> 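Below is the structure I would like to discuss, written out as structure tokens.
As the structure is a computational prediction, the values presented were derived from the model and not from experiment. Below, chain A is the first sequence line, B the second, and so on; all start at residue 1.
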Number of protein chains: 2
Amino acid sequence: MIEKALREQIKEVAVEHFNTNGYHGTTIRNIAKDVNCSLPMIYYYYKNKKELFDEIIKKEYFNLLEKQASLLKIDNIINFYTKFIYDLNSLSNYDKQVYRLGVKVYLSFDGDEELMNHMDEWEKSILPRHCKILKPYMKNVNNEKVVVRTLVHLLETMIINIVVKNRYLPEDEIREEISIVLQNCG
Amino acid sequence: MIEKALREQIKEVAVEHFNTNGYHGTTIRNIAKDVNCSLPMIYYYYKNKKELFDEIIKKEYFNLLEKQASLLKIDNIINFYTKFIYDLNSLSNYDKQVYRLGVKVYLSFDGDEELMNHMDEWEKSILPRHCKILKPYMKNVNNEKVVVRTLVHLLETMIINIVVKNRYLPEDEIREEISIVLQNCG
DNA sequence: TCCTTTATTTAACGTTCGTTATAATAATAG
DNA sequence: CTATTATTATAACGAACGTTAAATAAAGGA
């Protein structure tokens with residue numbers, strides 16, 4: 001227990017490598033070198049390169065998304081979305097890299113068709129979820145769906161800025177932009 | 001004349017391959033096979049793999065961006081931005097793939113540090129340019145900078161949707177979302 | 001015509017890749 | 001103490017990679 005389980009350690013290093021060099025640019029040998037284990041150890045814990053990559057996306061990334069989506073407690077709707085985005089700034093390095101890798105697959109910059117289908121499934125759930133969250137605050141708004149769509153699009157860019165481009169977004173900038181889109185929502 | 005044909009053909013096929021498989025996933029052999037020429041012909045026209053990739057980004061992608069940025073004629077500001085985005089739908093396949101590849105480098109999912117610096121240079125010019133375009137329409141808006149920033153963020157997502165995720169965005173959806181952000185601009 | 005330059009191919013070099021067969025070690029259980 | 005199982009390492013396989021040397025073909029003046 002002093003040493004982190006080797007299997008986990010391999011996964012962590014793999015996340016870094018896939019992130020920096022992409023799937024094809026990542027080599028099992030380099031992972032092993034950084035983990036400080038012999039090459040076949042990676043095959044001892046993972047069937048092959050693809051399974052290692054898949055586990056990162058299917059388990060780590062989607063766990064992260066679900067955790068992120070579940071920590072809801074709403075008072076003011078603008079505060080809610082501001083916090084939702086702002087908290088991404090303080091994700092652990094590992095989580096940020098997993099997130100980044102997930103976005104990469106989501107944009108089909110990496111991974112394969114099978115992983116893309118997982119992504120599409122998730123994506124379908126996004127608009128309805130935010131529609132539900134926002135509904136109570138949309139009494140005096142006529143173009144409900146457009147506002148939700150616009151907000152989701154804006155959130156996407158901010159997520160990419162923080163997680164993919166690894167930039168810090170200050171809380172007030174986030175709030176300002178969200179407020180522009182939600183300015184008619186009480 | 002024949003020379004140019006082959007050189008261009010190599011570049012076109014390379015764009016496809018880099019797009020589909022990334023830099024590391026693309027092999028010179030596969031490009032040659034699709035071009036229907038022998039392998040060393042690629043080295044006859046391009047010094048090496050990296051130079052081929054660099055030329056696509058540095059020439060093709062930035063040409064595209066500048067062409068895109070220069071076709072301005074403004075009447076109504078919402079019409080202007082709507083058209084700006086909507087026209088991306090009808091880019092040629094080649095241009096769309098070049099654009100996609102550029103975005104991939106921009107998000108540092110591919111390419112190297114040197115190319116990223118090119119991207120950063122361009123990025124710095126974005127906000128000022130849109131500020132200038134929007135300034136005349138911002139008379140009765142107090143939070144000018146926030147509006148511009150939000151708009152640029154929204155545009156980015158729509159660009160990614162059309163060019164990276166290869167989706168068709170209908171004109172009215174684009175107009176609706178832009179209108180949300182620019183609703184106080186005359 | 002011959003010669004020089006351009007365009008293209010065949011064949012191979014050395015390297016690195018993903019993956020595995022095999023063996024050695026450490027841990028555990030009986 | 002021994003038998004068995006769980007880990008780890010050494011060494012190598014065949015395939016594919018980026019790249020180049022060398023030879024050949026085509027073209028175009030002189």
> Using whole Å, report how far CD1 of Ile28(B) lies from P of dA16(D).
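Answer to the nearest Å: 17 Å.
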> Tell me which residues in residues 48-58 of chain B put a heavy atom below 4.0 Å from DNA chain D, sorted by number, or none.
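Residues of residues 48-58 of chain B under 4.0 Å from DNA chain D: Asn48(B), Lys49(B).
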> Please list residues of residues 31-43 of chain A whose heavy atoms come under 4.0 Å from any atom in DNA chain C, ordered by number; otherwise none.
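Close to the strand are Leu39(A), Pro40(A), Tyr43(A).
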> Grab the OH-P distance between Tyr45(B) and dT19(D) for me, whole Å please.
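In whole Å, dT19(D) P lies 18 Å from Tyr45(B) OH.
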> Who passes side-chain contact (heavy atoms from CB on, under 4.5 Å) against Lys132(A), sequence neighbours left out?
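Per chain and number, Lys132(A) pairs via side-chain contact (heavy atoms from CB on, under 4.5 Å) with no residue.
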> Is it true that a side-chain atom of Tyr46(B) and a backbone atom of Arg7(B) form a donor plus acceptor pair closer than 3.5 Å?
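Checked: pair present.
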> Rounded to whole Å, please give me the gap between OH in Tyr44(B) and P in dA22(D).
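Value for this atom pair: 18 Å.
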> Between Arg29(A) (CZ) and dC17(D) (P), how many Å, whole number?
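From Arg29(A) CZ to dC17(D) P: 16 Å.
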> Among pairs that include at least one residue of residues 135-147 of chain A, which meet salt bridge (charged side-chain N to carboxylate O under 4.0 Å, His left out), considering only residues two or more places apart or in two chains?
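Found Lys135(A)-Glu144(A).
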> Would you mind listing every salt bridge (charged side-chain N to carboxylate O under 4.0 Å, His left out) that reaches into residues 77-88 of chain A, with sequence neighbours excluded?
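For residues 77-88 of chain A, and leaving out neighbouring residues, the salt bridge (charged side-chain N to carboxylate O under 4.0 Å, His left out) pairs sorted by first residue read Lys83(A)-Asp87(A).
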> By the ring-ring contact (aromatic ring centres under 6.0 Å, His included) test, which pairs, at least two apart or in different chains, include something from residues 68-91 of chain A?
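Checked against ring-ring contact (aromatic ring centres under 6.0 Å, His included) - neighbours excluded - the pairs reaching residues 68-91 of chain A are Tyr81(A)-His130(A).
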> Under 4.0 Å from any atom of DNA chain D, heavy atoms only: list the residues of residues 19-27 of chain B that qualify, in numerical order.
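Heavy-atom contacts with DNA chain D come from Thr26(B), Thr27(B).
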> NA contact type, Tyr46(A), heavy-atom cut-off 4.0 Å: base, sugar-phosphate, or nothing?
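Tyr46(A): no heavy atom of the nucleic acid under 4.0 Å.
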> Lys47(B): what forms a side-chain contact (heavy atoms from CB on, under 4.5 Å) with it, not counting sequence neighbours?
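By the side-chain contact (heavy atoms from CB on, under 4.5 Å) rule, Lys47(B) matches Glu51(B).
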> Glu156(B): what forms a salt bridge (charged side-chain N to carboxylate O under 4.0 Å, His left out) with it, not counting sequence neighbours?
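In terms of salt bridge (charged side-chain N to carboxylate O under 4.0 Å, His left out), with neighbours along the sequence ignored, Glu156(B) is linked to Lys165(A).
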> Would you list the pairs meeting salt bridge (charged side-chain N to carboxylate O under 4.0 Å, His left out) in which at least one residue belongs to residues 24-34 of chain A, sequence neighbours left out?
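The answer is none; no pair qualifies.
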> Looking at residues at least two apart in the chain, or sitting in another chain, which of them share a side-chain contact (heavy atoms from CB on, under 4.5 Å) with Lys58(B)?
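Listed in chain order: Asp54(B), Glu114(B), Leu115(B), His118(B).
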> Mind checking side-chain contact (heavy atoms from CB on, under 4.5 Å) for Pro128(A) and listing every partner two or more places apart, or none if nothing turns up?
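Result, side-chain contact (heavy atoms from CB on, under 4.5 Å) vs Pro128(A): none returned.
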> Quick one: do Glu16(B) and Arg100(B) make a salt bridge, cutoff under 4.0 Å?
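Between Arg100(B) and Glu16(B) there is no salt bridge, as every charged N stays at least 4.0 Å from the carboxylate O atoms.
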